[in-house]
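Since the structure comes first, as structure tokens, the remarks are kept for the end.
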Amino acid sequence: MADEMKKRVAVVGAGVIGASIAFELQRRGLEVALIDKGEPGRGTSFGNMASIALDFAAGSGPSTWKKIPGWLLDPEGPVWLRPCYAARMLPWFLRFLAAGRPSRLRAIEDAGMSLSNRALGDFRQMLQAIGAPELMTEEGCLAIYETEAEFAADRGHLAMMQRYGLEFEVLSNGAIQYYEPTLSPAIAKAVLLPDNKSIRDPYQLVVKLADAAKAAGTTFVSGTVRNIERRGDGTAVVLLEDGRRIEAGSVVLAAGVHTRFLAEKLGEPIPLETERGYHTQIMKPGISMRYSVIWPHRAFMVTPTAGGIRVGGNVELAGLDAAPDFRRPRVLVRHAQRALPGLKVEETTEWMGHRPALPDTIPIISPSSKMPGVFYATGHGHLGLTFSATTALVIADMVTGLKPSLDVTPFRIDRY
């Protein structure tokens with residue numbers, strides 16, 4: 001009976017991270033319960049920008065502190081910090097600024113790129129395993145720059161990509177329209193990122209992952225997790241709000257930003273904040289795009305996905321409870337029409353979700369420092385989709401007692 005209990009794993013959170021982990025654990029012969037208060041893929045993973053983005057970028061740098069006043073003053077800028085939430089963000093911001101010190105920045109980039117270097121291969125293998133390789137496009141992404149000054153301002157990021165061996169090609173003039181004819185001829189420069197692929201429908205990806213896990217034996221449990229306890233015999237008990245108790249040998253906490261509340265109850269608080277992201281899904285865009293497009297200066301993307309064209313990105317810092325401010329996605333659509341003059345905005349829906357963000361940009365992929373048998377997979381920020389398959393493999397190694405194939409020291413939960 002004890003051996004059977006060790007094979008049971010409860011995975012809390014059925015977004016792309018949790019569903020990927022549940023599928024991988026089930027593949028390895030474990031008995032998995034996937035727990036979420038909603039249906040798989042209906043949370044933050046529903047509205048991401050469908051991008052496998054290998055060009056990892058640290059959120060903070062040596063000059064980031066100079067930008068903070070603008071974040072407070074410009075509600076249409078790439079980052080908007082609601083003044084009423086600024087005081088609550090102060091401890092997180094101090095850690096965020098500290099992560100941008102030159103002495104820390106290279107280690108963060110090394111850690112992020114250790115995941116990025118594996119991400120595409122691991123993702124392709126995961127799609128093959130669930131029988132859905134067609135969900136990934138083979139086209140890459142175009143980073144666009146309206147002016148030479150914008151391009152010059154991003155040279156540090158291009159140098160970082162070159163340092164880590166990422167492929168890219170700088171395009172000018174007619175070469176830009178050759179790759180993506182819908183782009184405005186006023187765009188001065190573009191960078192082709194051939195390995196930054198897109199997903200045809202990120203919600204359907206999570207559904208297929210969850211369905212594949214269920215077909216292999218995973219049980220889906222609908223409910224809100226209240227706490228985790230461990231009995232004297234080593235069994236973990238997941239306590240649900242409605243009084244149900246789920247016993248397991250191991251527990252994986254992959255509930256996005258909500259993981260912080262469970263971590264606090266386990267005595268290991270983590271500086272996990274929500275970067276609220278918005279998108280507009282346009283089902284009658286009037287154009288057909290081959291490549292996804294990112295505009296770094298304005299911090300947003302345009303991606304052909306989910307049967308239409310999705311415009312989204314940007315960051316709003318306002319906590320979990322504030323009402324959405326749908327002025328933000330409308331600003332992004334105006335910017336998108338500047339880059340894509342033929343873009344029409346018909347049959348649209350607007351959405352807001354909560355990216356789980358840590359101040360040093362890299363996720364927590366780690367065993368608990370307080371409770372044996374509990375593992376964390378959270379804080380992936382803008383790269384949850386990108387790092388999902390690799391995270392699943394690393395967590396599955398940890399749960400089954402294998403040595404992960406990459407150095408997980410940078411992702412430990414007690415690094416703060």
Side-chain angles (χ1 to χ4, degrees), residues 7-52 119 122-136 198-225 238 240 242 244 246 248 250-259 262 305-307 351 353-356 363 365 375-378 380 383-400:
K7 291 183 178 181
R8 296 181 187 173
V9 185
V11 178
V12 182
V16 68
I17 298 292
S20 299
I21 291 169
F23 173 71
E24 181 60 30
L25 290 171
Q26 194 71 52
R27 285 184 77 196
R28 299 196 187 191
L30 301 179
E31 181 183 338
V32 181
L34 180 60
I35 308 168
D36 201 293
K37 63 182 179 181
E39 296 178 7
R42 283 292 181 180
T44 300
S45 295
F46 178 84
N48 65 48
M49 287 308 297
S51 175
I52 307 298
D122 290 343
F123 209 101
R124 280 186 166 136
Q125 289 181 15
M126 182 175 73
L127 290 178
Q128 288 287 345
I130 65 173
E134 73 285 352
L135 280 178
M136 181 186 289
S198 296
I199 298 301
R200 299 186 193 280
D201 190 324
Y203 168 63
Q204 287 300 321
L205 167 67
V206 182
V207 169
K208 287 182 179 293
L209 280 166
D211 285 349
K214 290 176 190 176
T218 291
T219 301
F220 181 73
V221 179
S222 178
T224 300
V225 175
V238 179
L240 302 185
D242 60 9
R244 284 177 294 167
I246 298 172
S250 302
V251 178
V252 180
L253 302 180
V257 70
H258 301 282
T259 306
L262 295 172
T305 191
W351 175 92
H354 295 278
R355 306 183 192 98
I365 309 172
F375 302 85
Y376 290 87
T378 190
H380 293 74
L383 297 174
L385 179 65
T386 302
F387 292 159
S388 57
T390 303
T391 297
L393 293 170
V394 172
I395 287 289
D397 285 344
M398 290 178 176
V399 170
T400 57

**Message:** I want to check something: taking the side chain as every heavy atom from C-beta on, are Leu240 and Thr224 in contact at a cut-off of under 4.5 Å?
**Reply:** no
**Asked** Is Asn48 close to Arg355 at the side-chain level, that is, under 4.5 Å between some pair of heavy atoms?
**Response** no
**Fill in**
Of all heavy-atom pairs linking Ala119 and Phe387, the shortest is CB-CD2, 4.4 Å
**Message:** How close do Ser45 and Val206 get, counting heavy atoms only, and between which atoms?
**Reply:** CB-CG2, 4.1 Å
**Results of salt bridge (Lys or Arg N to Asp or Glu O under 4.0 Å) for Arg27 - residues two or more places apart only** = Glu24
**Request:** Taking the side chain as every heavy atom from C-beta outward, state whether Ile17 and Thr378 have any atom pair closer than 4.5 Å.
**Result:** no
**Asked** What's the shortest heavy-atom distance between Ala254 and Ile21, and which atoms?
**Response** CB-CD1, 4.4 Å
**Message:** If you count heavy atoms of other groups shown closer than 6.0 angstrom to NZ of Lys214, is the number above 12?
**Reply:** yes
**Asked** Which residues satisfy the side chain to side chain donor-acceptor pair (under 3.5 Å) test with Thr305, sequence neighbours excluded?
**Response** none
**Message:** Taking the side chain as everything from C-beta on, heavy atoms only, tell me whether Arg8 gets closer than 4.5 Å to Leu30.
**Reply:** no
**Request:** Tell me, please, which residues at least two apart from Arg244 pass salt bridge (Lys or Arg N to Asp or Glu O under 4.0 Å).
**Result:** Asp242
**With sequence neighbours excluded, residues passing ring pair (Phe, Tyr, Trp, His ring centres under 6.0 Å) with Tyr203** = Phe46
**Message:** To the closest 0.5 Å, what do you measure between CG (Leu253) and CZ (Phe375)?
**Reply:** 10.5 Å
**Prompt:** At their closest point, which heavy atom of Ile35 faces which heavy atom of Gly223, and how far apart are they?
**Reply:** CG2-O, 3.9 Å
**Prompt:** Do you know which two heavy atoms are closest between Gly18 and Val11, and how far apart they sit?
**Reply:** O-CG1, 3.7 Å
**Asked** Counting N and O atoms only, with roles assigned by atom type, does the side chain of Thr44 sit under 3.5 Å from a partner on the main chain of His354, one being a donor and the other an acceptor?
**Response** yes
**Request:** Could you tell me whether the side chain of His380 reaches within less than 4.5 Å of the side chain of Thr386, counting heavy atoms only?
**Result:** no
**Message:** For a 4.5 angstrom cut-off between non-hydrogen side-chain atoms, does Val32 reach Phe23?
**Reply:** no
**Request:** List for me each residue that meets side chain to side chain donor-acceptor pair (under 3.5 Å) alongside Gln26, sequence neighbours excluded, and say none if there are none.
**Result:** Thr218
**Message:** Show the nearest heavy-atom pair for residues Ser388 and Phe123, with the distance to one decimal.
**Reply:** OG-CE1, 3.4 Å
**Asked** What's the spacing between Leu205 CG and Leu385 CG if we round to 0.5 Å?
**Response** 6.5 Å
**Asked** Rounded to the nearest 0.5 Å, how far does CD1 of Ile365 lie from OG1 of Thr391?
**Response** 3.5 Å
**Asked** CD of Glu39: more than 12 outside heavy atoms within 6.0 angstrom?
**Response** no
**Asked** What residues, two or more places apart in sequence or in another chain, satisfy side chain to side chain donor-acceptor pair (under 3.5 Å) together with Thr390?
**Response** Asp122
**Request:** Give, for atom CG of Asp211 and atom CD1 of Ile130, the distance between the pair rounded to the nearest 0.5 Å.
**Result:** 9.5 Å
